[in-house]
Structures are given as structure tokens and as C-alpha cells.
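What follows is a set of notes on a single structure, which appears directly below.
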Protein chains: 2
Amino acid sequence: MSHTLGIRQAQKQKTRQAFLDAALALLEEQSLSSLGLREVTRAVGVAPTAFYRHFRSTADLGVALVDEALGSLHPMVRTTVSTTGDSEERIARAVELIARHVDAYPAHVRFIARERHGGVQPVREAIRAQLQRFAEEVKAELAKDPEAAGWSDDDLLMLAHLYVDQMLITASLFLEALEAPAQERERVAQLATRQLRLISIGRTHWPD
Amino acid sequence: MSHTLGIRQAQKQKTRQAFLDAALALLEEQSLSSLGLREVTRAVGVAPTAFYRHFRSTADLGVALVDEALGSLHPMVRTTVSTTGDSEERIARAVELIARHVDAYPAHVRFIARERHGGVQPVREAIRAQLQRFAEEVKAELAKDPEAAGWSDDDLLMLAHLYVDQMLITASLFLEALEAPAQERERVAQLATRQLRLISIGRTHWPD
DNA sequence: TCATCCAGTTAACAACTGTTCTCTGGAATT
DNA sequence: AATTCCAGAGAACAGTTGTTAACTGGATGA
């Protein structure tokens, strides 16, 4: 049973979301550490002081953006890795899925790539924690595969991190190619596919 | 025969270098897009207007920092990849070399990791161009290896990019572990070693 | 119905920003 | 020795910033 929010709470959440959306748009052309509080309130169309009703600082807003950008991604990642079919099919599906995600949420992807090593410590920390969770989820899925027989937990996590990092690199490349001709995007897809293929081969022959 | 600079030019270069050093120090706790011109001149100890004698803008200063941080790295990368010995020795040496570089130039590494996807377009472009050069140099070295027989140019470049990205990821992990206990840094070294090992295995079995 | 709450407003603060123009004094050139 | 050059200084500009305090008025709960 879902609880219907009061008019007041609903309006507050609406404004909060407007803050997140406006910030995400502004962050396409700058980093979080240069994002001003007044800049955001101006974009939302609200008084500067209203900001404090929702966030302590822009860093706090950034952490909220991390949750929005990565929080909803967990189920997708899990189903991607656990997809059935042979190795080649799974690679093609993963690349396709990354491309679609970048198309659907370019600002989210840009934000994560930009702030992962950005100048705001709490945000870096939040991203690091979420990516750690991703890696552990991927590891759990990898462990189910019969190919994982004889793999140590450490090695599975090592491979999971390799996949997660590769996912981010690929997403970033698709992002750069967003406004480029289809041919360029296809080139990125081919590159990512072959890199995943090479990793997959390394995985198969691991305990040589 | 080296040309001795006049007193004037020498002093100018000295001040310019002071700008680069001060900026790099300030950028440990923020991004380039939030770095103020006055902030830098204050750190150097000169008047704000002196900045314009050396750079058009902070973005321009950022591009100069890219050259300083990556320009001197080319010979090192080349010799690393072309190092003789079996695969395992080369991996160990590469990881060791990355760790030492992070120890020696942590601010450079932080700057590149931060601004590679940062909010200043000309700087992103400069980093992208340099990394492209790195990849092509690595590719040229890979091509010399007898193991590269039967590899297409495209596949060699694909593998080279994989190595370059992996190098950056590893450097970034070492950076995070800079002030951590030696045990943590060893964990990073082990992780990077095994990831490179897996890639190396994939490379060996590539045209399966 | 009435008192309470609280998201958003208004006004004001000192401090800071990038950029301009004018000036200075020592190096470089003739 | 006289002239030109030019890195850096100084002062002033209109705008911007984050944060504070006291307020308003509609939703909320007794």
C-alpha cells in the first residue's frame, strides 16, 4: 500500500527534483566544484535561500545526484550480466544496452564520469561506494556461471572491477560520440565489443 | 649549442612556472572550472593582471598543464612497453613504474584523471589528443612483438587503448592509496597485476 | 475553527570575481 | 647614451558569490 503524500510534501519533492534537473543541465558545461548555489536557484526560478530547504550545500546536492544517476542502475546491470546465451551474444547485448543508456540519460553519464575523479570529496566517495556495489553485484553474477569454477573470490572481484571500469569507459566514449554521425558511434561499438571479447578470452583461459 | 636566455626571458619563464606549480597545488582540492585567476595570482604572490602576461584564461593555463603532465611521459611509456623479458616480468615492471610515477608526481596524475572528463572543453581535448598519441606509440611497440603476427592495425590499436586506459585506472587507484598503509598499496598492485595478466592471456589466445 | 508548521520570499551583508586602463622601472636594442 | 620594450603593479569597474535574519501565507493537525 503506497502512502499518498500531502500537498505540502508533494510540492517540496517537486521543487527538489527541479533542483536536481537544473543542476544536471548546468553541469554539462562545468564541474560540480564550480556550480554556484545562486546559479541553480536562478535556473529553477526560485529565491537563493530556498536552496537551504533542500540541501546543505552544492556538495550535498551532488551526492543526491549520484543516487539518482546510479541508484536506479543496479537492476539493469544485474540483468545484463546474468543474460543467457553464449559469450558473443552477451557482449553484443551489453554494448547495445550501454549505448541505449547513454542515449536515454546522457547528463547522468556525463555527471558520473566527470565527478568520479572530480574536485568534491563527498561526491567522489559516494560514486566510489556505488561502483564498489556494482562490482560486487557483477561478481555475484559471475560466480553463478559454470565458467567461474576454480576462481577465487579475489579473482572474481578483480574481473568484476575490470568489467565495471570497461562499462564506464565505453559509456564515456558513446557520450563523446552522441552528436557525431552514426558511423562514429558504430566505431565505438566495434571497439568496445572487441575489448570485451579480449577480456572474455582471457577469462576463459585464466587458470592456464 | 644551447642558447642562453636573456635575464628578462628567464625571469618570465620562472614566473610562468610558478603559475603552473601554484595552480597544480590549488587543483588538488578543486576542479579547473572553479579555479579563479585571482586565486592563482594570490598563491604566486603577484598582481592579478600579471596573469594575462602568460595566459589568456585559466583554460589556457590548463592546456599548458596537460603538456607538462603528459608531455614528458612519452619516452617512459615507450620504454616500458618495449621492455624485454617474458610477459610476467613486463607486467611487474609496468605496475612498479606506474606506482613510482604516482609517488613522484601525484599532482600531475590527479590533474589528468580529474580533467580528462572535466568541465573545460579545451583541456579535455588536449588530454584526449595526448592519450591518442600514447595509444599509437603503444600500438607501434606492440607491432614489433612476434606475438602481434596476424593482428590487424585496428585490433592492435584496440589493445593499445585497453592498455592506456588500464594504466590510468591503475594510476588513479595508486593515487587514492597514496596516504594509505603500505598494505593497501600492495593490494592495488596485486589487483593491477592480475588485470594486466588477464588481458595478456586474452591477447595470447586472440585469434582463436 | 484556530494555532502551528514550514517551503519559499525579501532584503541586506561583506567578500569575492574577471577585465579595463594607466603607470613604472629595469632589461634590451640601437 | 638614448630609445624602445614589456613583465608586473596599482586602482577602479560592475557583477557575482554564500549566508544571515526576519517575513508571509497556505497546508496541516488539534
Side-chain angles (χ1 to χ4, degrees), chain A residues 2-23 25-65 68 115 118-123, chain B residues 2-23 25-27 29-65 115 118-123:
Chain A
S2 76
H3 180 59
T4 303
L5 265 51
I7 295 179
R8 213 173 191 170
Q9 299 249 346
Q11 183 54 243
K12 180 168 183 181
Q13 286 213 352
K14 210 170 173 180
T15 307
R16 185 190 141 99
Q17 189 59 46
F19 274 122
L20 295 177
D21 293 345
L26 290 167
L27 286 172
E28 302 211 355
E29 288 173 340
Q30 62 182 317
S31 308
L32 183 62
S33 79
S34 65
L35 184 70
L37 169 164
R38 294 184 101 107
E39 199 179 354
V40 185
T41 57
R42 201 183 309 129
V44 172
V46 86
T49 46
F51 185 89
Y52 293 105
R53 299 286 176 197
H54 301 271
F55 310 99
R56 293 174 196 273
S57 61
T58 51
D60 192 24
L61 185 155
V63 172
L65 277 176
E68 171 167 293
E115 301 304 330
V120 183
Q121 202 252 348
V123 172
Chain B
S2 76
H3 180 58
T4 303
L5 265 52
I7 294 180
R8 216 173 190 172
Q9 300 251 345
Q11 183 54 244
K12 181 170 184 180
Q13 285 213 351
K14 208 171 175 180
T15 307
R16 184 190 142 99
Q17 189 58 46
F19 273 122
L20 295 177
D21 293 345
L26 290 167
L27 286 172
E29 288 172 340
Q30 62 183 317
S31 309
L32 183 62
S33 80
S34 65
L35 184 70
L37 170 163
R38 294 183 101 106
E39 199 179 355
V40 185
T41 57
R42 201 183 309 127
V44 173
V46 297
T49 46
F51 185 89
Y52 293 105
R53 299 285 176 196
H54 300 269
F55 310 99
R56 293 175 195 274
S57 62
T58 52
D60 192 23
L61 184 154
V63 172
L65 278 177
E115 301 304 331
V120 183
Q121 202 251 347
V123 172

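Computed from a predicted model, the values in this text were never measured in an experiment. To find a chain, count down the sequence lines: A is the first, B the second, and so on, and within it residues start at 1.
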| query | Quick one: the side chain of Arg38(B) and the base of dC16(C), do they pair up donor-acceptor inside 3.5 Å? | reply | no

| How long is the line joining CD of Gln11(A) and P of dT9(C), in whole Å? | 11 Å

| query | What closest approach, in Å, do Leu27(A) and Leu65(A) show between heavy atoms, and which atom pair accounts for it? | reply | CD1-CD1, 4.0 Å

| request: Could you state the atom-to-atom distance from CG of Leu37(A) to P of dT20(D) in whole Å? | output: 11 Å

| task | Among the candidates dG8(C), dA27(C), dG8(D), find the nucleotide nearest to the side-chain atoms of Thr15(A). | result | dG8(C)

| query | Which is true for Ala50(B) with a 4.0 Å heavy-atom rule: it touches a base, it touches only sugar-phosphate, or it touches nothing? | reply | sugar-phosphate

| said: What is the separation between atom CZ on Arg56(B) and atom P on dT20(C), rounded to the nearest whole Å? | reply: 12 Å

| task | Please lay out, stage by stage, how Leu37(A) and Phe55(A) fare under the test side-chain contact (heavy atoms from CB on, under 4.5 Å). | result | CA-CA 10 Å; Leu37(A) 169 164; Phe55(A) 310 99; over 6 Å; no

| said: What's the separation between atom CG in Leu61(B) and atom CZ in Arg16(B), rounded to the nearest 0.5 Å? | reply: 8.0 Å

| note | Separation of dG8(C) atom P from Gln13(A) atom CD, nearest Å, is 12 Å

| request: Consider the side chain of Arg8(B), meaning its heavy atoms from C-beta on, and name the nucleotide among dC5(D), dG8(C), dT17(D) that approaches it most closely. | output: dC5(D)

| task | For Pro48(A) and for Gln9(B), find the nucleotide of DNA chain C with the closest heavy atom, then tell me which residue's nucleotide is more 5'. | result | Pro48(A)

| note | Quick note, Lys12(A) side chain, CB onward, closest among dG8(D), dA7(C), dG18(D) is dA7(C)

| field | Gap between atoms CZ and P, on Phe51(A) and dT20(D) respectively (whole Å) | value | 13 Å

| message | Taking donor-acceptor contacts at under 3.5 Å, does the side chain of Arg53(B) reach the base of dC6(D)? | response | no

| field | Under 3.5 Å donor-acceptor pair, Thr49(A) side-chain atoms to dT10(C) base atoms | value | yes

| On DNA chain C, nearest-nucleotide positions of Ile7(B) versus Tyr52(B): which is more 5'? | Tyr52(B)

| field | Under-4.0 Å side-chain N/O to phosphate OP1/OP2 contact, Arg42(A) with dT17(D) | value | yes

| query | Rounded to whole angstrom units, what separation is found between the NE2 atom of His54(B) and the C1' atom of dT19(C)? | reply | 17 Å

| field | Steps toward side-chain contact (heavy atoms from CB on, under 4.5 Å) verdict (Phe51(A), Asp60(A)) | value | CA-CA 11 Å; Phe51(A) 185 89; Asp60(A) 192 24; over 6 Å; no

| Rounded distance in Å - CD (Glu39(A)) to P (dT17(D)) | 7 Å

| request: Could you state the atom-to-atom distance from CG of Leu26(A) to P of dT16(D) in whole Å? | output: 15 Å

| query | Which value, rounded to the nearest 0.5 Å, describes the distance between Glu29(B) atom CD and Ser33(A) atom OG? | reply | 11.0 Å

